[in-house]
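Input: a single structure, listed below in structure tokens.
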Amino acid sequence: MSSPILSIDLDAITDNWRALDGLSANQVETGAVVKANAYGLGVEQVARALAAAGVQQFFVAVATEGAALRKILGSGPTLNLFCGHLDGDTDLIRDHQMTPMLNSPEQLGRHLGLLPGHEFGVQLDTGMSRLGVQPSDWQEMRPTALAADPVLIMSHLACADEPGHPMNRQQLERFHDLTDGLTISRSLSATGGILLEAEYHFDLTRPGIGIYGGLPFADALQTVNLSVPVIQIRELQKGASVGYGNTWIAKEKTRVATIAVGYADGILRSLSSGAKLYHENTPCPLIGRVSMDLITVDITHLRDVPTSLDLLCAEQDVDQLATAAGTIGYEILTSLGPRYERRYKGHG
Ligand SMILES: *Cc1c(COP(=O)(O)O)cnc(C)c1O
């Protein structure tokens, strides 16, 4: 083994999707969010596996992702676009039959003007103040939008990973105010919302992170394993320093393993103090700073010299590594760079 290996378990991914699907009632459809290269895990393999498992509604962020996804999946599934119909994306949206979630009166005008009769949805801002039609604009554009037959009305929860947060109910009520009485399919919940009460589920859910094994879906199966070859070993005397800035100094004789991953591979520099790697189930502390392509690990306490060390494994999942880096599982996954050999197991 010469390059780091990111093993991705497609069966765990589809099992997680099925488990999330099972948390809402039978008549609620469960889609899948595969933006950002399926959260770093490889959209081609992941989307194929999810489609084979029965996903018919996919979501991506931007039109270029949608175009790539259409080539992967062919003409069957619906490809929804969170960013809507942006200036310059018309050809991609038409040629790859994407369904843009329109986010403003301007986008509605563009869509109806340039692609009349082409399927679309509407994304409403119910309080997150990020993306979506603002309630005041919705009143104004509602008759025009409804006359053109949107296929979906959606919104996004800001605090769904905190079940007790009052924002959840406020957004739910605002979503009802803006959409009750319509006969259009509605979607409010991503992973966090699926884990709230059934009244958050509406007609279609849009999980992302839970499919890939991350919190807030605590019951998720782990989907990734990251194993990195040791490329050099050295024996340090007391007082020797390790890495950029001499931030780590040996207090005694120390055996150090150098492994070939760094912040260019998504091993965030903030892991420089506190991260652990694993040799089987023995933790080995990362010492010194994370550099672009390399990190250094204290293996003095190991009986044998390992040929590789694990960053993501049974002992350390994505969220545990995220905690060590001061971030969230989403950022760890989507930062996993292009230099890994991605190996897929299972069929999904
Ligand atoms: C990313 C995203 C999702 C998926 O969210 P998860 O928390 O990963 O389940 C759903 N909806 C929108 C609008 C998003 O941006």
Side-chain angles (χ1 to χ4, degrees), residues 13 16-24 28-41 43 46-47 50 55 57-63 65-66 69 78-86 98-104 107 120-134 152-163 165 167-168 171-172 174-175 179 185-196 200-221 223-224 318-319 322 327-336:
I13 287 174
N16 286 337
W17 178 78
R18 285 191 196 96
L20 289 161
D21 185 39
L23 292 174
S24 59
V28 178
E29 184 173 4
T30 302
V33 179
V34 295
K35 61 192 179 186
N37 195 27
Y39 289 48
L41 301 189
V43 67
V46 168
L50 289 169
V55 177
Q57 296 272 348
F58 288 84
F59 292 84
V60 292
V62 297
E65 293 178 326
L69 187 57
T78 302
L79 309 189
N80 301 290
L81 205 53
F82 289 138
C83 280
H85 191 148
L86 296 172
M98 292 175 227
T99 307
M101 301 293 116
L102 305 180
N103 291 301
S104 64
Q107 286 199 0
F120 70 97
V122 175
Q123 177 161 214
L124 300 175
D125 178 2
T126 52
M128 194 173 177
S129 310
R130 185 181 70 166
L131 194 60
V133 178
Q134 292 179 277
L152 184 68
I153 298 204
M154 60 164 282
S155 188
H156 194 49
L157 298 168
C159 305
D161 58 342
E162 296 176 57
H165 202 295
M167 183 69 165
N168 295 326
Q171 287 193 267
L172 177 66
R174 197 167 295 172
F175 194 54
T179 62
S185 175
R186 292 188 285 185
S187 176
L188 180 62
S189 286
T191 303
I194 294 172
L195 301 169
L196 301 175
Y200 287 86
H201 297 164
F202 292 89
D203 302 299
L204 169 68
T205 60
R206 319 178 302 270
I209 192 72
I211 298 175
Y212 307 106
L215 288 173
F217 187 30
D219 294 337
L221 301 174
T223 66
V224 282
V318 164
D319 288 291
T327 182
I328 54 176
Y330 297 76
E331 192 179 19
I332 295 291
L333 284 176
T334 58
S335 301
L336 293 170

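Basis for what follows: all heavy atoms, side chains included, without hydrogens, waters or symmetry-related copies. In each ligand, atom 1 is the first atom listed, and ligand 1 is the first ligand listed.
- Contact annotation: Tyr39 has at least one heavy atom less than 4.0 Å from an atom of ligand 1.
- Residue contacts with ligand 1 leave out Phe59, since none of its heavy atoms falls under 4.0 Å from the ligand.
- Atoms of ligand 1 lying under 4.0 Å from any heavy atom of Thr191, numbered from 1 in the order shown and given with element: 6 (P), 9 (O).
- Looking only at side-chain heavy atoms (C-beta outward), Gln57 and Asn80 come within less than 4.5 Å of each other.
- Close N/O approach between Ile209 and ligand 1 is found [any backbone or side-chain N/O within under 3.5 Å].
- Contacts with ligand 1 closer than 4.0 Å are made by side-chain heavy atoms of His156 only, the backbone lying farther away.
- Atoms OH and CG, on Tyr212 and Asn16 in that order, are 10.5 Å from each other to the nearest 0.5 Å.
- Not counting sequence neighbours, the partners of Leu23 by the side chain to side chain contact (heavy atoms under 4.5 Å, CB included) test are Leu20, Ile194, Leu195, Phe217.
- Checked by distance only, ligand 1 and Gln123 stay at 3.5 Å or farther apart across all their nitrogen or oxygen atoms.
- Formation of a donor-acceptor pair under 3.5 Å by the Thr126 side chain with backbone atoms of Arg174 is not found in this model.
- In this structure, Arg130 counts as a contact residue of ligand 1, since one of its heavy atoms falls inside 4.0 Å of the ligand.
- Each of the following atoms of ligand 1 lies closer than 4.0 Å to a heavy atom of Pro207: 9 (O).
- Here the heavy atom of the protein found nearest to atom 5 (O) of ligand 1 is Ala190 CB, 3.3 Å.
- Considering backbone and side-chain N/O atoms, Gly210 never comes within less than 3.5 Å of an N/O atom of ligand 1.
- Considering all non-hydrogen atoms of both residues, Leu102 and Gln107 come closest at CA-OE1, 3.3 Å.
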Listed pairs under 3.5 Å, donor-acceptor, residues 28-40 side chains, sequence neighbours left out:
| from | atom 1 | to | atom 2 | distance (Å) |
| --- | --- | --- | --- | --- |
| Thr30 | OG1 | Asp21 | OD1 | 2.6 |
| Asn37 | OD1 | Val43 | N | 2.8 |

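- For ligand 1, the atoms lying closer than 4.0 Å to a non-hydrogen atom of Lys35 are 1 (C), 2 (C), 3 (C), 14 (C), 15 (O).
- Of all atoms in ligand 1, listed by their number and element, those nearer than 4.0 Å to a heavy atom of Val33 are 3 (C), 4 (C), 10 (C).
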Checklist line | side-chain hydrogen bond (donor to acceptor under 3.5 Å, both in side chains) assessment of Gln134 paired with Asp125 | finding: CA-CA 5 Å; Gln134 292 179 277; Asp125 178 2; 5.1 Å; no
Margin query: What verdict does the side chain to side chain contact (heavy atoms under 4.5 Å, CB included) test give for Phe82 and Arg206, after you've listed the backbone C-alpha separation in whole Å, the side-chain angles of each residue and the deciding distance to 0.1 Å?
Written below: CA-CA 11 Å; Phe82 289 138; Arg206 319 178 302 270; 3.9 Å; yes
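- Counting protein heavy atoms only, atom 7 (O) of ligand 1 is closest to Tyr330 OH, 2.6 Å.
- Remark: Thr191 OG1 to Tyr330 OH distance equals 5.5 Å, nearest 0.5 Å.
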